[in-house]
Amino acid sequence: MLLYVLRRIGYMIIALVAVSFVTFLLMRAAPGSFLEMGSGGVVGVDLGLGSVGVHDPQAVQEFIHVFHLDKPWYEQYWGYLWGFFTLHMGTSFEYPATPTLQLIGQTFPLTIMIAILAIALAVVLSIILGTLAALRANSWADRGTVLVASLAASIPHYVVAVFLMLIFGVWFHLLPVVGQAGPKYFILPVVAMALPMCGSMSRYMRNSLVETMNSEYMVTVYAKGGGLRAALFGHGMRNSLLPFITVVGPQLASLMMGTVYIEQMFGILGLGKVFTSASSTRDYPLIMDSTMIYAVLIMVMNSLVDICYGALDPRIRKAQAKGR
Amino acid sequence: MTPLLQIKDLSIQFRTDEATVNAINGVNLTVPAGGAVAIVGESGSGKSTVMMAAPRLLPGNAVVHGEIWFDGRDLMTLNEKQMRSLRGREIGVIFQNPTAYLNPTKTIGQQIVEPLLYHHIASAKRAKEEAIDLLDQVGIGDPRGRFDMYPFEFSGGMLQRVMIAMALIASPKLLIADEPTTALDVTVQAEILMLLKKLQRERGMALVFVTHDLAVAAQLCDEVYVMYGGMVMEHLPVPQLVRASKHPYLRGLIQSIPPLDGPVEPLPYIPGNPISTTRPLPAGCIFAERCAAKMSVCEKRPPLIDFDQQHQVACWLAEKGGIA
Ligand SMILES: Nc1ncnc2c1ncn2[C@@H]1O[C@H](COP(=O)(O)OP(=O)(O)OP(=O)(O)O)[C@@H](O)[C@H]1O
Ligand SMILES: [Mg+2]
């Protein structure tokens with residue numbers, strides 16, 4: 001078991017190095033620099049480094065020196081990587097007064113909360129819808145959900161978000177659409193993220209359950225005197241959750257990317273917002289750190305999915321216990 | 001002996017998208033209480049279909065006509081709830097392939113106790129003790145430890161013992177065994193057969209043993225029904241099987257059993273293919289096209305002719321004393 005965990009962590013570190021390296025390359029390849037595109041690019045605006053503007057060569061020199069931009073690329077890269085792993089990330093270009101760690105600490109909980117609520121809502125909804133569709137397999141209700149599901153799956157988060165804002169915010173004034181002043185504010189963002197996921201996930205749940213309910217060991221359950229309830233809750237659900245969970249995993253990456261759009265649209269100051277503004281101002285340290293945080297998040301969530309899978313499947317659980 | 005199970009004029013069609021399968025075409029069959037009856041026939045002759053019709057475990061596309069009297073009730077007229085209270089408690093079933101007919105994600109213990117729990121016969125704790133006791137009786141060593149193991153940790157032969165324990169735990173009056181040893185190797189097969197015989201005697205339980213192996217049927221049972229194309233060709237007591245069998249089909253089957261002693265010679269076999277169940281049945285004898293003793297009278301379908309008490313034959317030859 002320990003070996004398994006260690007190996008898993010090893011893979012994660014390798015993946016993280018790869019992600020950060022690609023990010024670094026792309027970031028350096030992107031045209032423009034913070035000095036032109038960040039808040040300092042507008043002449044005369046306070047950069048936060050004292051009054052530094054692009055027109056002040058001395059201040060620019062100092063800026064370049066402070067952030068090690070005069071060092072060779074590999075030293076810079078290593079600096080970002082080492083800083084991230086040791087949690088000494090320093091500060092970003094844009095917010096030199098706030099350590100990046102603190103910035104992430106403030107925004108990260110919002111994002112992770114939205115993501116977890118969205119995935120939980122999507123999973124619960126998909127299981128309920130998928131089960132109902134499976135029990136009425138091939139009825140008109142089942143076929144109806146196919147249509148809705150394929151619609152939902154082909155509409156992106158942000159379009160769903162606009163519709164929800166329009167219906168619940170603008171027409172019926174039921175829920176706030178922008179801001180983060182209380183729990184109410186998070187309902188629409190979470191729903192907007194969850195709904196598109198439900199489409200494919202509920203179909204998958206349905207197919208998986210139909211297959212389970214038609215398998216041979218279900219005949220045994222009926223032969224023992226079990227009814228539909230025993231078959232469904234005693235045997236079917238758990239077994240169809242196994243394949244279902246494997247499709248939740250791949251959704252996570254797109255879910256995390258979804259937070260970026262959603263935070264932008266609903267005006268929520270989360271990690272996604274930090275990430276987008278860092279990218280558009282070419283705030284190198286912040287791009288690196290927020291990307292790596294995202295990567296770690298996705299990897300941790302994927303591991304959680306694997307752990308759930310193992311807990312449900314005795315074959316994997318026993319194999320892990322033996323420490324394969 | 002009063003019959004425990006009496007099947008009258010049973011006919012079963014399977015409706016599929018391509019065709020209607022005439023699986024059973026008028027079968028009469030009687031199982032005395034405490035007796036052991038074998039149903040023998042080639043693959044596709046409808047053995048499983050007949051016997052799965054009794055506990056009404058056929059898939060939804062089966063159309064069943066006829067009467068199935070069990071212990072004074074016509075099962076065809078019972079509702080689903082009444083039927084459920086019979087399954088697993090008065091009628092136990094074991095299947096050909098124990099690996100497929102056991103849920104891979106639940107321990108065998110959980111699965112064995114289910115008949116007792118479904119029928120509220122015992123508390124969970126009592127049920128566990130009974131299961132452990134029964135596992136011991138069917139020859140599983142260390143039943144207490146094995147109770148919490150999963151099907152993948154057992155061999156095929158052990159799983160079939162588990163299936164037997166599961167079918168017997170609620171002490172049914174009738175056990176239906178559908179080719180329980182076909183998936184096992186020969187030595188294990190013999191052990192399971194002996195176990196079944198022993199349990200059947202001890203418990204005074206009726207047994208219907210479905211098999212394609214005439215020799216096995218003769219070892220285990222008191223009487224044999226020989227099926228072909230969804231009909232009974234001959235019914236006779238086992239002691240008369242070799243000397244008094246009348247139907248050319250049964251004769252063919254007997255001759256194709258390899259002798260244990262004597263020189264190795266090519267065995268005679270029945271030429272031709274089993275009758276197609278998807279086409280309309282011929283007007284005459286359904287075995288005629290493969291029959292070496294075909295006569296002109298075979299253009300007309302022979303009824304089951306009473307040859308003797310306990311001995312019926314569906315062949316015109318029976319009137320003349322049977323095939324030479
Ligand atoms: N669910 C089904 N749908 C359609 N046809 C079926 C179904 N089940 C069985 N049949 C058909 O009914 C006929 C009898 O099948 P059955 O399974 O009873 O044969 P069997 O004698 O048990 O054969 P085997 O030795 O292979 O188990 C076959 O022609 C088979 O193809
Ligand atoms: Mg069969």
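What you see is a predicted model, and the numbers here were worked out from it, not measured in a lab. Reckoned from all heavy atoms, side chains included, excluding hydrogens, waters and symmetry mates. Naming: A, B, ... by sequence-line order, numbering from 1 per chain.
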Euclidean distance, B:Thr77 OG1 relative to B:Glu67 CD, rounded to 0.5 Å | 9.0 Å
Proximity breakdown for B:Glu80 and chain A, heavy-atom pairs closer than 4.5 Å = neither
Max heavy-atom pair count under 4.5 Å with chain A, selected residue of B:Thr99, B:Asn97, B:Asn103 = B:Asn103
When B:Gly92, B:Pro104, B:Pro55, B:Ala167 are compared by non-hydrogen pairs under 4.5 Å with chain A, the top option = B:Pro104
Inspect the surroundings of CZ in A:Arg136 and state if more than 12 heavy atoms from other residues, nucleotides or ligands are less than 6.0 Å away.
-> no
Can you tell which part of B:Met52 gets under 4.5 Å to a heavy atom of chain A, answering side chain, backbone, both or neither?
-> neither
Relative to chain A, which segment of B:Tyr118 carries a heavy atom at a distance below 4.5 Å: side chain, backbone, both, or neither?
-> side chain
Atom group of B:Leu116 that falls short of 4.5 Å from chain A, counting heavy atoms = neither
Kindly check if the number of other-residue, nucleotide or ligand heavy atoms within 6.0 Å of CZ (B:Phe147) is above 12?
-> yes
Gap separating the CG atom of B:Leu199 from the CE atom of B:Met205, nearest 0.5 angstrom | 6.5 Å
Above 12 or not: heavy atoms from other molecules or residues under 6.0 Å from CZ of B:Phe152?
-> yes
